[in-house]
Structures are given as C-alpha cells and as structure tokens.
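Shown next, in structure tokens, is the structure this report addresses.
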Amino acid sequence: WNGKPVFGYSLAKHESGGTYLVPKEGEAELVTELFASYATGNVSLAALQRHLAAAGVVKNRTVVWYILRNRTYVGEVPHGIKSTSKFMPQAKLDWTPGKHEPLTDPETFERVQHRLRVNAQMQRSGPDHRRYLFSGLILCGSCGRRYTAKASKVKGEVVVQYRCNGRISAGDCKASFIHESRVRAAVIP
C-alpha cells in the first residue's frame with residue numbers, strides 16, 4: 001500500500017519491505033456497518049454520518065459518500081494516477097485485487113453502488129429546482145448526467161440555460177449548454 005491508510009484500516013510493515021493494510025480495531029466494524037446499513041435502502045448518508053458521530057467519529061456526508069464509493073473496502077487497490085485537472089488528459093486509474101482483508105463483500109458493495117447511482121439520478125438540480133420547468137428532466141446525450149438550470153441577465157432580460165452537471169462538476173463532458181427557449185419550443189408543442 002502506498003500512502004495514508006483509508007478509514008477502517010491501519011498500516012503494518014511487511015517482512016519483505018513495504019507496508020500493507022490491516023483492519024483497524026473499532027473503525028473496521030463501523031465501515032462494515034455503513035455498507036450493510038446503506039445497502040438495505042432504509043438509511044441515508046446523513047443517518048450514516050450521525051451513526052459515526054454517535055460512535056465518536058466525526059466525518060461529513062462527503063466523506064461517508066467517499067467511503068461507500070471506495071473499492072479498497074472490497075479488497076482492491078488502485079494503480080495509476082488519478083487526475084482531476086481540466087487541462088491535462090484524463091489519467092488511467094485501475095483497480096486490482098489486493099492482499100488486504102476486505103471489509104465488505106462484493107454483492108453488498110454493488111448494491112451500495114446501485115443505490116448511490118439511483119439516488120444521484122433522483123436528485124434534481126439543487127435548491128432552486130422548483131423555479132425551472134425542466135430541472136432534473138434533461139439528460140446529457142454524451143455522459144448521461146442531468147442538466148442543471150442557471151439563470152442570468154442578458155441585456156436586462158433573464159435568460160435560463162441548462163448545463164451538463166458532468167461539465168460543471170467533473171469537467172469531463174464537452175456538452176454545451178441549452179437555452180430554455182429552445183427546450184420549450186421542442187417539448188411544449
């Protein structure tokens with residue numbers, strides 16, 4: 001293992017050199033509970049965050065989401081370079097079987113991933129989604145993510161545009177924006 005250990009694991013020295021992951025007492029059990037609870041479909045990320053807080057572990061919802069998305073917990077390790085740069089080509093990050101003990105089984109991990117995908121698709125375009133007619137209904141033809149509405153003033157007139165969330169947040173989609181007037185003209189009749 002190269003780098004800091006993820007939550008639920010600690011590092012141990014290997015007799016031939018290097019380090020490897022071993023389950024950390026107290027944290028590993030919490031990680032297993034997080035996966036099992038979220039896989040049931042009855043628990044939210046916020047509820048998992050409160051469960052961790054009750055156990056004395058302070059993590060925000062983003063960290064809980066990261067834990068649930070991390071393939072390390074199913075016994076895999078990343079190889080390659082992870083890049084989030086908008087200016088450099090996307091680096092290749094591969095996951096291969098590791099030698100550490102997994103904290104969840106592959107079936108539970110896949111149920112959690114499915115639930116995370118479904119919940120992401122159900123989300124509308126944020127707190128202002130009621131203000132825009134097509135919020136959460138337009139999907140990107142390139143990456144499949146939802147479009148988010150944004151209003152701006154152009155020459156004193158409010159113009160609503162829909163932009164791909166993949167382009168906004170991840171920067172990995174090249175889809176352009178769409179004016180709401182074009183969507184209305186195509187859909188309303």
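Note that this is a predicted model, so its numbers are computed, not measured.
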Review point. Taking the six-membered ring for Trp, are the ring centroids of Y20 and H100 within less than 6.0 Å of each other?
Key: no

Check your understanding: Yes or no on side-chain contact (heavy atoms from CB on, under 4.5 Å) for L116 and R69, after CA distance, side-chain angles and deciding distance?
Key -> CA-CA 8 Å; L116 289 171; R69 296 272 304 151; 3.6 Å; yes

Are [X] and [Y] packed together at the side-chain level, in the sense that at least one heavy-atom pair is separated by less than 4.5 angstrom?
X    : Y    : result
V74  : D105 : no
C143 : C164 : yes
T72  : Y9   : yes
E27  : F7   : yes
R163 : T148 : no
L48  : W65  : no
Y162 : F177 : no
L133 : I188 : yes

Check your understanding: Is there a path of hydrophobic side-chain contacts, each under 4.5 Å between heavy atoms of I, L, V, M, F, W or Y residues, that connects L139 with I178?
Key -> no

Check your understanding: Can you get from V57 to L34 by hopping between Ile, Leu, Val, Met, Phe, Trp and Tyr side chains that sit under 4.5 Å apart?
Key -> yes

Practice item. Could you tell me whether R71 and E110 make a salt bridge, using a distance below 4.0 angstrom between a side-chain N and a carboxylate O? Key: yes

Practice item. May I ask you to decide whether R111 forms a salt bridge with E107, counting only side-chain N to carboxylate O separations under 4.0 Å? Key: no

Side chain of [X], backbone of [Y]: donor and acceptor closer than 3.5 Å?
X    : Y    : answer
Y73  : L68  : no
T32  : L103 : yes
H179 : S181 : no
E101 : V22  : no

At what distance, to the nearest 0.5 angstrom, does [atom1] of [X] lie from [atom2] of [Y]?
X    : Y    : atom1 : atom2 : answer
Q161 : S176 : CD    : OG    : 10.0 Å
R61  : L45  : CZ    : CG    : 6.0 Å
T96  : H79  : OG1   : NE2   : 3.0 Å
S152 : E157 : OG    : CD    : 10.5 Å

Review point. Near H114 NE2, under 6.0 Å, is it more than 12 heavy atoms from other residues, nucleotides or ligands?
Key: no

Review point. Taking it one step at a time, do V58 and L52 satisfy side-chain contact (heavy atoms from CB on, under 4.5 Å)?
Key: CA-CA 7 Å; V58 179; L52 286 175; over 6 Å; no

Review point. Quick one: does NZ or CZ of R115 land under 6.0 Å from the six-membered ring centre of Y38, within 45 degrees of the ring axis?
Key: yes

What are the two closest heavy atoms between [X] and [Y], and how far apart are they?
X    : Y    : value
K24  : E29  : O-OE1, 4.2 Å
A149 : V160 : CB-CG1, 4.2 Å
R184 : P189 : O-CD, 3.5 Å
P5   : L21  : CB-CD2, 3.9 Å
Q49  : N60  : NE2-CA, 3.6 Å
H51  : L30  : NE2-CD2, 3.9 Å

Check your understanding: Which residues pass the salt bridge (charged side-chain N to carboxylate O under 4.0 Å, His left out) test with E33, sequence neighbours left out?
Key -> none

